[in-house]
Asker: 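This is the structure, below, for whatever I ask next.
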Amino acid sequence: MFYSQKEDTLRTQTIEEVVFQRKGNVTQDVTNVSVNARQAGQIASVSGGIEGLIKTLPSVNSNTELSSQYMVRGGNYDENLIYINDIEIYRPFLIRNSMQEGMSIINPDMVSTVNFSAGGFEAKYGDKMSSALNIYYREPEKFEVSGEASMIGGRLSTGFATGNKKLTALVSGRYRNTNLILNTLNEETDFNPRYMDFQSYLNYHVSPKFSMSFIGYYSQNDYEMIPKAKEVEFGSVNQPIKVSVFYNGREDDRYKNMMGTFSLNYRPNDKWKILLDNFAYQNREREYYSIASAYVLESFDPVTGDPVTSYDVGGQIDHARNDLMVRTYGTQLRTRFSPNVNSNIEVGFKFEKENLRDLTNEWRLVDSLGYSVPRDQVLPGVLDPSSMELYYHIAGDNSIEPTRMSAYAQYSNKFYWGRSRAYFNAGARVANWSFNKETIFSPRAQFAVKPDWKADMLFRVAGGIYYQQPFYKEIKDLDGSFNSEIKSQRSMQLIVGNDYEFSMYDRPFKLTTELYYKKMDDLIPYFMDNVRIRYSGKNNADGYAYGIDTRLFGEFVPGVDSWLSASYARTFENIDGRGDIARATDQRFRFAIFYQDYMPKFPKMRVNLTGIYAMGLPTGAPIMFDSNGQPSLETRYDYQKTLPSYKRVDIGLSYVFIDPKEKNKAWGFWENFEELTLGVQVFNAFNIYNTVANQWVTDVSNNYIYPVPVNLTGRFFNAKLEFRIK
């Protein structure tokens, strides 16, 4: 079930939809939402760009504005495929909290098309259980220069095309520093998060039948953090509690990514298309921190604010020296044969060689009062409270060089079913990974029909078997070693949907509704710490997910498109047969809005608004240890807490000084500009401090573990200037 994104020209700054069922026609994609990719960069969103809009779709969830990652229909952050020009890309693996993230690899200024599937996607897409996002970069048609400057960063892009359009090039560089946004946190901390990247997309059309292209990408993300102190108030009205924490130490993380792709595209005739992609990817990550902290846990008078009872005093030291290097290179061959305009056959093969080098040394030391319950209080006799044993120690020295092979074949056809128009796609893929010596087989199918009714409706159904092939995170046990016995997680999906197009107030609207069910087995249990996911390294759980999504798209304001999204979703797992329990991604109810408007008397003054309400996610349990002193996830049955609901509104206001669609152009110096816009963005307009995770603090007087909220950013005003030179 696909949503797609393309650049378009509208009479105002809008986001317009190209739908599956145009009057009297059926296209190949089952569900398309077409978004102006350049405008996506102007959306008022901290994470920005394409993901900022994707998060407003009903099937997508995220409980942090600082991250470009998202969860889809009960899945976690690792269950989403991401491609650029059909080449799979990877996100950083060691990111622990959303403050460490910079920008998404996707540069909105370079994008022409985005295909997003929330499930039930075709066999040509890889082996993940939740979603597929495929980005296609654009070729410039002439010389162009564009840029952006704001209080948190900037962007400069340039492109050109030769007169005969044989050679085109598009390059872009970006810089971002979110220090000002992070300073809205309620804590005394020195932040210095710096992110920069450089991307290029080159094309050479040797002949009308043969072309070559290259994509290059380099990024560097440096995150420095020196915490000093913070105070957090929580509890209830009758029993307010405050924890005061004092720090010493620092965190210094480095993330470097490089990618190169060289592609050949050959079209011998109208029926055949052959593509050969050669790619290489390298990711170097370093996570270093040594932070000592001491705290006071006390209750206070809600009227005077004076302390009443001191529950606990304690401290701990957190230390990590984690290094990771991931290299992957390979080739993929894809062919497409279209015997006629209504059908096609696609076949592909992919070979990858991987090199993973992982060095882990991470530990925590707590005193006898402790930030968290000492192990002897959970399992008597495991730890002597008078000793200096570490609360936990994760260590590993792993190095593997496996190969991964996959292949797919699929057939699609558009045809008449009686007087109705229909579309059918069916295929399968097979994959093998030498590390765990596992071969998987994944059949998939889609069917859509547009009845010959007066009402413009489309019905569709999709399903199949979707595997989650393991990689670095899934194979790493909680003790730091790699588990070669791990298997792929599996999801059997069924999705039923309906699209209904209609007119209201003489304006076009579209209502999309989808119901889905997933049956999952061989699951690897995990716990979420902010945005980090740590797996148990064992396939000892099964589960299921179900839900309903709905989205109303249309011109709420004449000439400008907006949408409302709502969904209800549940997901559960059963670990070692102990019974169903909500997974950490159990979404429940979620509502989102993307709204655009302009002033009729001043059409150059424009506004866009994104709003999200999502019920809080289960946070699971603090990490505990079994009788052998090893980390365990089974305690999540005893500790179930739910985060507060996530509520956020971001507003973007802009004034267009020079509009490329205007007949009256600027004069003098300003005639060099094709477009010039000045805007103000209001992040978190209502200054709601959302909670992204819990920090677990213990009152040793009664062994009660308090979940102390870890809050996100407050209100922030950002000024932004955008330009495009002729």
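Quick caveat: nothing in here was measured; it's all calculated off a predicted structure.
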Asker: Between His319 and Asn361, do the side chains contain a donor N or O and an acceptor N or O under 3.5 Å apart?
Answerer: no
Asker: Check this for me: does any side-chain nitrogen of one of Glu287 and Arg96 sit under 4.0 Å from a carboxylate oxygen of the other?
Answerer: yes
Asker: Nearest 0.5 Å, what's the OH-OH distance between Tyr255 and Tyr195?
Answerer: 13.0 Å
Asker: Taking the six-membered ring of Phe441 (Phe, Tyr or Trp), confirm whether the NZ or CZ of Arg429 is under 6.0 Å from its centre and within 45° of its axis.
Answerer: no
Asker: Quick one: do Arg444 and Asp127 make a salt bridge, cutoff under 4.0 Å?
Answerer: yes
Asker: With salt bridge (Lys or Arg N to Asp or Glu O under 4.0 Å) as the rule and sequence neighbours excluded, what pairs involving residues 192-203 come up?
Answerer: Arg174-Asp197, Arg194-Asp222, Arg194-Glu224
Asker: Checking Tyr544 now: which residues fulfil ring pair (Phe, Tyr, Trp, His ring centres under 6.0 Å) with it, not counting sequence neighbours?
Answerer: Phe572
Asker: Leu359 versus Met325: any side-chain heavy-atom pair under 4.5 Å?
Answerer: no
Asker: Look at the aromatic rings of Phe471 and Tyr90 and report parallel, tilted or perpendicular, splitting at 30° and 60°.
Answerer: parallel
Asker: I'd like to check the ring pair (Phe, Tyr, Trp, His ring centres under 6.0 Å) partners of Tyr201; sequence neighbours left out, ordered by chain and number.
Answerer: none
Asker: Is the Phe121 to Tyr466 ring centre distance short of 6.0 Å?
Answerer: yes
Asker: Do the charged groups of Asp109 and Arg155 touch, with an N to O distance under 4.0 Å?
Answerer: yes
Asker: I'd like to know if Asp252 and Arg254 make a salt bridge, using a cut-off of under 4.0 Å between side-chain N and carboxylate O.
Answerer: yes
Asker: Counting C-beta onward and ignoring hydrogens, is there a side-chain heavy-atom pair between Glu65 and Tyr646 closer than 4.5 Å?
Answerer: yes
Asker: Tell me whether the NZ or CZ atom of Arg327 lies within the 45° cone about the ring axis of Tyr329 and under 6.0 Å from its centre.
Answerer: no
Asker: Report yes or no: is the cationic atom of Arg321 (NZ for Lys, CZ for Arg) closer than 6.0 Å to the six-membered ring centre of Tyr288, at no more than 45° off its axis?
Answerer: yes
Asker: Just verifying a value: how many Å separate Asn711 CG and Asn690 CG, rounded to the nearest 0.5 Å?
Answerer: 8.5 Å
Asker: Given 3.5 Å as the limit, does a donor-acceptor pair link the side chain of Tyr289 with the main chain of Met225, or not?
Answerer: no
Asker: For a side chain to side chain donor-acceptor pair (under 3.5 Å) with Tyr472, tell me which candidate from Asp78, Asp358, Asn283 qualifies.
Answerer: Asp358
